[in-house]
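Atoms considered below: every heavy atom in the structure, side chains included; atoms not considered: hydrogens, waters and symmetry mates.
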Amino acid sequence: MNRTRTALAAAFVLALLAIPASAAAWKNVSLIDQGCSVKAKANPDSHTRDCALQCSKTGYGIYTPEGKYLKLDAAGSEKALAALKASSKKDHLRADVTGEVKDDVLTVATLELLP
């Protein structure tokens, strides 16, 4: 029994060490295309889905709760585009996002557009 507990504790510690230090999660953040990120900063919820789809070639990013814009990596931008295409929302584009930040670029693990 003690060996099992020790093995489980060791596995847990190793799993924690495998998590990148800069991994993070953001809930209910604004999803904005990079082309409109500056002009939409004052009121990101007014940015429309139609505009976000038209500007898809610029890529996407999020505004953190602190007001910082983080660009999504290429794969994250593809996830954002797919979510926007599947959505019928007109504006107030909010998402839950997880990933790792390096040099103000967010490597997206998960992205879910909120209803």
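The shortest non-hydrogen separation linking Val101 to Trp26 is CG2-CH2, 3.5 Å. The two residues Leu111 and Ala83 have their closest heavy-atom pair at CD2-CB, 4.2 Å. Cys51 and His47 make their closest contact through SG-NE2, 3.4 Å (heavy atoms, listed as atom of the first residue, atom of the second, distance). What you find for Asp73 and Val108 is that their closest heavy atoms are OD1-N, 3.2 Å. When all heavy atoms are compared, the tightest approach of Tyr60 to Tyr69 is C-OH, 3.5 Å. The heavy-atom pair separating Ser46 from Asn43 by the smallest distance is OG-O, 2.7 Å.
Side chain of Ser77 to backbone of Ala74: no donor-acceptor contact under 3.5 angstrom is found.
Leu31 is not listed as a side-chain neighbour of Val97, based on a closest heavy-atom distance of 4.5 Å or more. Contact of the Asp104 side chain with the Leu70 side chain is registered, since non-hydrogen atoms from C-beta on lie closer than 4.5 Å. Residues Thr110 and Lys79 form no side-chain contact, since every pair of their non-hydrogen atoms from C-beta on lies 4.5 Å or further apart.
Residue Asp96 holds its CG atom at 4.5 Å from CG of Leu114, rounded to the nearest 0.5 Å. With rounding to the nearest 0.5 angstrom, the NZ atom of Lys68 is 10.5 Å from the CD1 atom of Ile62. Between Ser87 atom OG and Leu113 atom CG the span is 5.0 Å, to the nearest 0.5 Å. Considering SG of Cys55 and CD of Gln34, their distance stands at 11.0 Å, rounded to 0.5 Å. Atom CZ in Arg49 sits 11.0 Å away from atom CD in Gln54 (nearest 0.5 Å). For the atom pair Leu93 CG and Leu53 CG, the distance stands at 8.5 Å (nearest 0.5 Å).
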_salt bridge (Lys or Arg N to Asp or Glu O under 4.0 Å) assessment of Lys57 paired with Asp33_ = CA-CA 9 Å; Lys57 287 187 182 1; Asp33 60 85; over 6 Å; no

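A 6.0 Å sphere centred on NZ of Lys71 holds no more than 12 heavy atoms belonging to other residues, nucleotides or ligands.
Ile32 and Val29 are assigned to two separate hydrophobic clusters, defined by single-linkage of ILVMFWY side chains at heavy-atom distances under 4.5 Å.
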